[in-house]
There are 4 protein chains.
Amino acid sequence: MAVAGKRKLRRPEKADANRKGLFQAAAYVVGKHGYSNASIGRITERCGLAQGTFYLYFDSRQDLFDQLLPAVGEEMIAYVSKAVHGSRDYFDVERRGLSAFFDYLTKNTGFFRILYESDSVSPEATRTHYENLARKYLKVLERARAEHQIRALTDVERDVLIYVLMGARDYLYRNLVLRGGADETRRNEIVDAFVSILRKGIGPEQTTP
Amino acid sequence: MAVAGKRKLRRPEKADANRKGLFQAAAYVVGKHGYSNASIGRITERCGLAQGTFYLYFDSRQDLFDQLLPAVGEEMIAYVSKAVHGSRDYFDVERRGLSAFFDYLTKNTGFFRILYESDSVSPEATRTHYENLARKYLKVLERARAEHQIRALTDVERDVLIYVLMGARDYLYRNLVLRGGADETRRNEIVDAFVSILRKGIGPEQTTP
Amino acid sequence: MAVAGKRKLRRPEKADANRKGLFQAAAYVVGKHGYSNASIGRITERCGLAQGTFYLYFDSRQDLFDQLLPAVGEEMIAYVSKAVHGSRDYFDVERRGLSAFFDYLTKNTGFFRILYESDSVSPEATRTHYENLARKYLKVLERARAEHQIRALTDVERDVLIYVLMGARDYLYRNLVLRGGADETRRNEIVDAFVSILRKGIGPEQTTP
Amino acid sequence: MAVAGKRKLRRPEKADANRKGLFQAAAYVVGKHGYSNASIGRITERCGLAQGTFYLYFDSRQDLFDQLLPAVGEEMIAYVSKAVHGSRDYFDVERRGLSAFFDYLTKNTGFFRILYESDSVSPEATRTHYENLARKYLKVLERARAEHQIRALTDVERDVLIYVLMGARDYLYRNLVLRGGADETRRNEIVDAFVSILRKGIGPEQTTP
DNA sequence: TATGAATGAGGTTTCATTCAT
DNA sequence: TATGAATGAAACCTCATTCAT
């Protein structure tokens with residue numbers, strides 16, 4: 001006690017801590033039980049606050065839900081961004097990116113559920129998240145093209161590509177990694193196969209005469 | 001009365017009708033209000049049955065949810081299958097398939113929600129649905145390969161491809177068609193762009209010396 | 001049990017009984033604790049039903065409050081009407097009416113509170129009640145005039161009179177009877193004094209030269 | 001700073017200002033939303049104080065309510081008193097008094113609600129208010145009698161009269177002015193009709209042989 | 001087989017009051 | 001003296017499920 005000093009939080013710091021605590025608790029609870037079972041009671045209990053306190057930080061349960069995915073989404077994006085830093089070329093970015101995505105979701109299974117249920121609970125939040133994501137993809141693709149690492153794409157091809165890439169990460173994780181229970185070796189195979197298809201497509205072999 | 005006959009449904013027929021009625025009502029209500037707001041009351045009201053009657057056909061609300069997506073999913077699959085019948089080659093199948101998928105979801109916006117929320121409400125049902133779908137894709141791919149319309153794929157490439165295709169349909173519809181409000185022209189462009197990427201990939205152009 | 005027969009209520013009878021039971025319980029609870037403390041829990045507990053059952057008979061708490069005063073008001077009006085039946089003339093009607101009103105409120109102290117708080121809780125209900133009452137007064141006054149028991153009144157005088165009469169009953173009860181704790185003798189004096197003022201007014205005596 | 005002086009309120013002055021500010025805010029909030037919706041939060045917010053500060057000036061919410069009506073009631077009484085000053089005779093006092101009462105309530109609709117709901121929230125406050133009022137009436141009547149402007153009244157007649165007058169103001173305002181939406185002309189008619197009834201009563205005309 | 005009244009747990013939200021700052 | 005974050009007890013309402021008819 002005499003030693004302390006550090007442990008005591010000033011008023012505004014405490015407020016920040018509570019807010020963050022509620023976000024974390026919400027992420028945990030929604031990730032584990034789904035939005036519809038994420039009651040205020042469960043959330044506040046988990047971070048040691050009273051139910052009423054919740055309303056000092058959020059207008060309503062919906063208000064929290066509207067902010068949840070964008071908040072946790074940034075974290076995921078940051079994780080993946082960091083992982084792809086220093087890649088050799090565009091296809092290396094995709095390889096590392098998909099791999100890091102698998103990693104992140106494996107470690108944060110909750111994020112998975114937050115993401116997938118968000119669409120029905122808060123379309124707005126979902127839209128924001130996907131826009132954040134799309135912006136990221138766009139930047140990467142533009143640079144890749146500038147450096148002639150990928151072929152020229154029409155505008156619509158580029159838009160389509162962005163969502164194909166997003167969808168791929170999602171579906172590959174859900175169906176092959178999570179449901180398929182893929183170990184590291186298998187995950188690497190998956191990643192390689194994906195990059196191979198992405199690079200070459202699946203058109204028939206050119207028979208050079 | 002004893003004479004009657006035509007108009008009156010026999011016992012098992014009536015039971016079947018009720019069961020089907022409940023499914024349809026559930027599809028409508030879940031599609032419109034989401035699983036969590038699909039109360040037994042709303043569902044039974046919509047098909048003119050009493051609340052209690054529900055439990056003669058389903059063990060519980062969950063039991064219904066576990067059966068709902070596979071049931072309505074078959075319809076969607078049938079719709080798409082029919083649309084691709086008579087295609088020229090594999091890429092024509094993909095073209096028509098994606099187009100038909102867009103059509104179906106545009107006409108049956110309810111299906112959309114049943115599908116996307118299903119994952120959190122009944123993972124089992126979702127798994128079944130995606131398995132049905134994967135089987136379909138597999139058959140098509142095998143035949144395409146047999147007829148040399150696509151290049152040779154490793155086993156893992158084939159698995160990856162299947163889920164990339166599924167994810168693409170999902171994400172393209174959600175983000176470009178639905179959210180983007182694409183008209184028919186734009187939808188055709190999207191479909192073409194997708195098939196083009198699928199066929200050729202996005203690797204850099206080969207510069208022939 | 002073998003004897004029974006009478007005790008068992010048929011379905012629709014029971015529904016009626018429940019509805020009436022809720023009304024009575026509500027009248028009691030509101031009369032005793034006021035509208036704002038008349039929780040659904042208290043009301044249903046008092047008539048031995050579950051909280052949820054309440055909503056089979058009323059859309060909401062407000063819905064009940066919107067119906068409460070008119071319902072109990074009719075009872076009061078009927079009580080007073082019966083008491084004035086067979087009066088000698090108009091002033092006898094007023095005398096007996098006021099007396100009966102005092103009686104009714106003394107026996108049903110709850111009514112008092114239901115009436116006075118109703119204005120802020122359900123203006124609609126209050127309006128309905130006062131309209132019912134005004135109609136009653138009007139009829140009595142018209143007949144009194146037809147039989148030349150009161151002097152000719154202008155239209156606005158008649159309107160004013162009606163509300164003066166209503167207000168008098170209210171204020172005399174509240175201030176002299178209830179608060180003043182009047183016994184029967186005193187109550188009779190009050191009634192007589194009121195009728196005397198009503199009949200003669202308070203203008204200065206005519207000094208006949 | 002040390003120099004200052006004028007603008008800064010001394011300690012007790014500031015306390016007084018806060019107290020008065022809370023009263024005013026409470027009058028506004030109760031008048032607009034009713035007692036049951038007059039939360040401490042709303043009241044303090046309106047006068048720019050913190051919630052906790054409330055408890056430096058009042059023991060509890062109830063404590064405030066117990067003082068509110070008498071406080072604002074004085075203002076109304078003062079308004080009416082001023083308006084009747086200089087009247088010709090007693091009936092002129094009643095005429096001007098009723099008229100001023102209508103005026104005051106029309107301008108201060110909030111007072112209306114404070115008054116009518118007060119009975120259930122704080123019977124004590126209500127009693128005090130009506131006693132203040134009754135004293136006023138008594139004085140006026142005594143002088144009127146002394147000057148032979150009204151006929152002789154028994155003690156009980158006088159008591160009854162006081163509450164009939166009070167009830168009349170209340171009911172006429174509520175039902176004919178407020179609900180009836182009376183304009184100035186109509187209001188004057190109402191006032192005149194009331195005074196006429198008050199003066200002459202409604203007994204049948206004397207037919208002088 | 002079919003009904004629908006009845007249940008009661010559980011959810012979100014409000015708010016008077018306290019207390020460390 | 002003044003603050004406002006924190007509390008936690010209700011309150012209203014919904015709904016899956018049961019069961020007597």
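So you know, we letter chains A, B, ... as the sequences are listed, proteins then strands, and number each from 1.
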Problem - C/T128 vs C/D66, side chain to side chain contact (heavy atoms under 4.5 Å, CB included): CA-CA, chis, key distance, verdict - result: CA-CA 10 Å; C/T128 303; C/D66 287 340; over 6 Å; no
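- Within 6.0 Å of CD in B/E45 there are 12 or fewer heavy atoms belonging to other residues, nucleotides or ligands.
- F/dA6 atom C1' lies 7 Å from atom CG of A/L56, rounded to whole Å.
- The closest donor-acceptor contact from the side chain of C/R113 to the backbone of C/V30 lies at 3.5 Å or more, if one exists at all.
- Contacts of residues 116-126 of chain C with DNA chain E (heavy atom under 4.0 Å): none.
- In summary, A/E124 and A/R127 engage in a salt bridge, as defined by a charged side-chain N under 4.0 Å from a carboxylate O.
- No cation-pi contact links B/R61 to B/F54, judged by a cut-off of 6.0 Å to the six-membered ring centre and 45° from its axis.
- Atom-to-atom, OH of D/Y35 to P of E/dC15 comes out at 17 Å; the value is rounded to the nearest Å.
- More than 12 heavy atoms of other residues, nucleotides or ligands sit less than 6.0 Å from atom CD of B/E131.
- Ring centers of D/F58 and D/F23: under 6.0 Å apart, within the cut-off.
- Regarding C/K14, its NZ atom lies at a distance of 11 Å from the C1' atom of E/dG4, rounded to whole Å.
- For an aromatic pair to be called close, the ring centres must be under 6.0 Å apart, and A/Y35 with A/Y116 fails this.
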Problem - Bracket notation of DNA chain F in which parentheses pair within the strand, [ ] cross earlier pairs, and | pairs with another strand (Watson-Crick or G-U, under 3.5 Å) - result: .||||||||||||||||||||
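- A/Q62 places a side-chain heavy atom less than 4.5 Å from the side chain of A/S122.
- With E/dT7, F/dT3, E/dA2 as the candidates, the nucleotide lying closest to the side chain of D/L49 is F/dT3.
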Problem - Contact pattern, 5' to 3', of nucleotides 8-14 of chain F - B, S or - by protein heavy atom under 4.0 Å - result: B--SSBB
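- A/T126 places a side-chain N or O within 3.5 Å of a backbone atom of A/S118 that can act as its donor or acceptor partner.
- Between D/Y57 and F/dT1, a side-chain N or O to OP1/OP2 separation shorter than 4.0 Å is absent.
- The interatomic distance linking C/F58 (CZ) with E/dA5 (C1') rounds to 15 Å, in whole Å.
- OP1 or OP2 of E/dT1 has not a single side-chain nitrogen or oxygen of B/N18 nearer than 4.0 Å.
- Under a 3.5 Å cut-off, the side chain of C/T53 and the backbone N or O of C/L49 do not form any donor-acceptor pair.
- Rounding to whole angstrom units, CZ of residue B/F65 and C1' of F/dA16 are separated by 11 Å.
- Summarising the geometry, the separation between CZ on A/R19 and P on F/dA5 is reported as 13 Å, rounded to the nearest angstrom.
- One interatomic measurement links the two molecules: CD of B/E45 to P of E/dA2, which rounds to 19 Å at whole-angstrom precision.
- For the pair B/L22 CG and F/dA16 P, the computed distance is 14 Å after rounding to whole Å.
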